[in-house]
Amino acid sequence: MSHSQSRSTSPSNWQPVQQEREGLWIFTRVRDFIDNIANTSPARLALTVFAVVILFFTGLLSLPAASAEGVVTPLHQALFTAVSSVCVTGLTVVSTATHWTFFGQLVILVGIFVGGLGTLTLASLLALMVSKRLGVRGKLIAQEAMNNAGRLGEVGTLLRIVIVTSVVIEGALALALIPRFIVLGEDFWQAVWHGVFYSISSFNNAGFTPHSDGIVPYETDLWILVPLMLGVFLGSLGFPVVMVLQQNGLNWKKWNLHTKLTIQVSFILLAAGTVLWAMMEWDNVRTIANMGLGDKITHSLFASVMTRSGGFNLVDQNHMESTTMLLTDALMFAGGGSASTAGGIKVTTIAVMFLAIMAEARGDADVKVYGRTIPQGTMRVAISVIVAGATLVSVAAFLLLSISGASLDRVLFESISAFATVGLSTNLSAELPPSGVYVLTALMFAGRVGTVTLAAGLALRQRSQLFHYPEERPIIG
């Protein structure tokens, strides 16, 4: 009897086990697939991860629950907003405050936080979560994302530090902003929401605002403006620099070359941007001409900080002088630090190219700074990033000129803002037809992941050569 019972029950026992093994088999195949990409082509994994994240947030923003009118948001608007948030840009085609519900704004905020971690960081995190390990090449790409901030065995720790650092800084900014919003008459929960939103948006250099008129009502309120500027500036330095500052404080001698160049060039651009913006707008009656001295200085400093990827604005960008718009274009294209929440071609790229020009002018064979020699490979990557960035902006501007018929200064401004993930706008984005919106969407995606992934891919790609052609120098210049 017992034998027959065991035979009759064995098929029912075997079926769930078989299903469980099939489920595990599918998970194993997915894990092996991701693990393989992480260790053979991390750049492709980074692109794939970002694309999947964007599609996920596009789906959420398309839901009727995300729209204040309770209807499905058109694809081009939902996709543009998802890309703008995940790529921490801040450009909008619909009002963040009026078009989206609380759920929609929450989706945007989560997108900003996730996107601010960066493509290579996200790819490394995915590989760690799925396979519980990173291969040597996967660790190399993660280490590259952190700018060699630690040894290979510490990559998991570095990724954890990135997330903790983001949360701590954003928390501190929120604690500074919330009491001020309460003093200004907002109820407690509304003040908490606005404080958290602005803290995440500023540190991640996103530029999204939950107010319909942005931060213009607070244009003379330093309790609001100072935390926003601090958040944007810290975010623009990059996680590798923040980690070095955590470990060594302000001890210049213990800083690595990347930290020295990033901080030095960032302050030079900040100071130059402030002075030049003030000079160009000082007598402009449509912006700051009728303000007092203190407010003029505040506006100039704020504009200089925000043009390098912050995206918040106190004056209408269409009311600025043409020279100021050109200055803003240059600062936006420059961007912030590598492996940061800022965009652009990055300040270290500018530093390396400037040092190379100076070395060539002096006739030096090597490019040297602070007792270190910069490798030839680094200069090739810098040239590639600059040329790739300029090409992307040029192609997008050409397409937008033909689509919109707008003036060149507005089109160029919007294109650079999208590529450099800044978010400052002449309101051209909202005026474009769907085809133009898709062009800017592609430009934001390429600007956020393209040059970074290209730089990382080139830095790690070394083809062995079995022979060397004779050298011949073409005429340059």
Side-chain angles (χ1 to χ4, degrees), residues 88 113 116-118 120-121 124 139 142-177 198-205 222-223 225-274 301-302 304-306 308-310 334-342 344 346-352 354-355 368-374 378:
V88 292
F113 180 80
L117 296 176
L120 301 173
T121 307
S124 304
K139 287 183 177 180
Q143 192 185 37
E144 181 69 23
M146 294 297 102
N147 200 65
N148 302 310
R151 294 184 292 276
L152 284 185
E154 299 172 348
V155 168
T157 305
L158 290 178
L159 295 176
R160 197 157 48 244
I161 290 173
V162 166
I163 297 173
V164 171
T165 301
S166 297
V167 172
V168 168
I169 293 177
E170 288 161 1
L173 291 171
L175 289 176
L177 290 168
Y198 277 114
S199 66
I200 293 177
S201 186
S202 63
F203 178 70
N204 290 289
N205 281 225
L222 293 179
W223 286 104
L225 300 183
V226 171
L228 290 181
M229 285 191 283
L230 280 174
V232 169
F233 188 76
L234 285 174
S236 72
L237 291 178
F239 294 112
V241 173
V242 172
M243 282 191 275
V244 169
L245 293 176
Q246 284 177 341
Q247 294 166 1
N248 304 307
L250 298 178
N251 191 337
W252 172 270
K253 293 181 179 179
K254 290 186 177 181
W255 290 359
N256 58 18
L257 182 60
H258 172 77
T259 302
K260 290 177 180 178
L261 290 178
T262 299
I263 291 180
Q264 187 175 20
V265 177
S266 292
F267 274 110
I268 289 173
L269 291 177
L270 178 65
T274 303
L301 178 62
F302 190 87
S304 182
V305 172
M306 296 305 158
R308 298 224 345 275
S309 197
S338 298
S340 73
T341 57
K346 305 297 188 288
V347 293
T348 42
T349 305
I350 296 170
V352 167
F354 176 77
L355 291 169
K368 302 183 290 289
V369 62
Y370 296 127
R372 296 288 186 270
T373 299
I374 296 175
T378 302

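Since this is a predicted model, take the numbers as computed values, not measurements.
Put simply, CG on N248 and CD on Q246 are 10.5 Å apart, with the number rounded to the nearest 0.5 Å. Between the CG atom of L301 and the CE atom of M306 there is a distance of 9.0 Å, given to the nearest 0.5 Å. If you take CG on L177 and CG on L228, they are separated by 6.0 Å, rounding to the nearest 0.5 Å. To the nearest 0.5 Å, atoms CG (L225) and OG (S202) are separated by 11.5 Å.
Here the shortest heavy-atom pairing between G335 and R308 reads O-NE, 2.8 Å. Residues N205 and G231 share a closest heavy-atom pair of ND2-O, 4.4 Å. Closest approach of A351 and L261 over heavy atoms only: CB-CD2, 4.3 Å. Here the shortest heavy-atom pairing between S309 and A342 reads OG-CA, 3.3 Å. Between N256 and T259, the shortest heavy-atom contact is OD1-OG1, 2.6 Å.
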**OP:** Might you work through the side chain to side chain contact (heavy atoms under 4.5 Å, CB included) test for F267 and F233, ending with a clear yes or no?
**Re:** CA-CA 10 Å; F267 274 110; F233 188 76; 3.8 Å; yes
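Within 6.0 Å of the CH2 atom in W223, the count of heavy atoms belonging to other residues, nucleotides or ligands does not exceed 12. Remark: K368 NZ is packed, more than 12 non-hydrogen atoms of other residues, nucleotides or ligands lying under 6.0 Å away.
Counting heavy atoms from C-beta on, the side chains of L355 and V352 never come closer than 4.5 Å. Side-chain contact between V347 and T262 is present, with at least one heavy-atom pair separated by less than 4.5 Å. The shortest distance between side-chain heavy atoms of K260 and V369 does not fall below 4.5 Å. In this structure, the side chains of I263 and W255 come closer than 4.5 Å at one or more pairs of heavy atoms.
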Can you give the donor-acceptor pairs under 3.5 Å from side chains of residues 166-173 to other protein atoms, not counting sequence neighbours?
residue : atom : partner : partner atom : Å
S166    : OG   : V162    : O            : 3.0
E170    : OE2  : N204    : ND2          : 2.9

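Under a 3.5 Å cut-off, the side chain of S338 and the backbone N or O of K346 do not form any donor-acceptor pair. Judged by distance alone, the side chain of S236 and the main-chain N or O of G336 form no donor-acceptor pair under 3.5 Å. Side-chain N or O atoms of T341 include one that pairs as donor or acceptor with a backbone N or O of G235 at under 3.5 Å.
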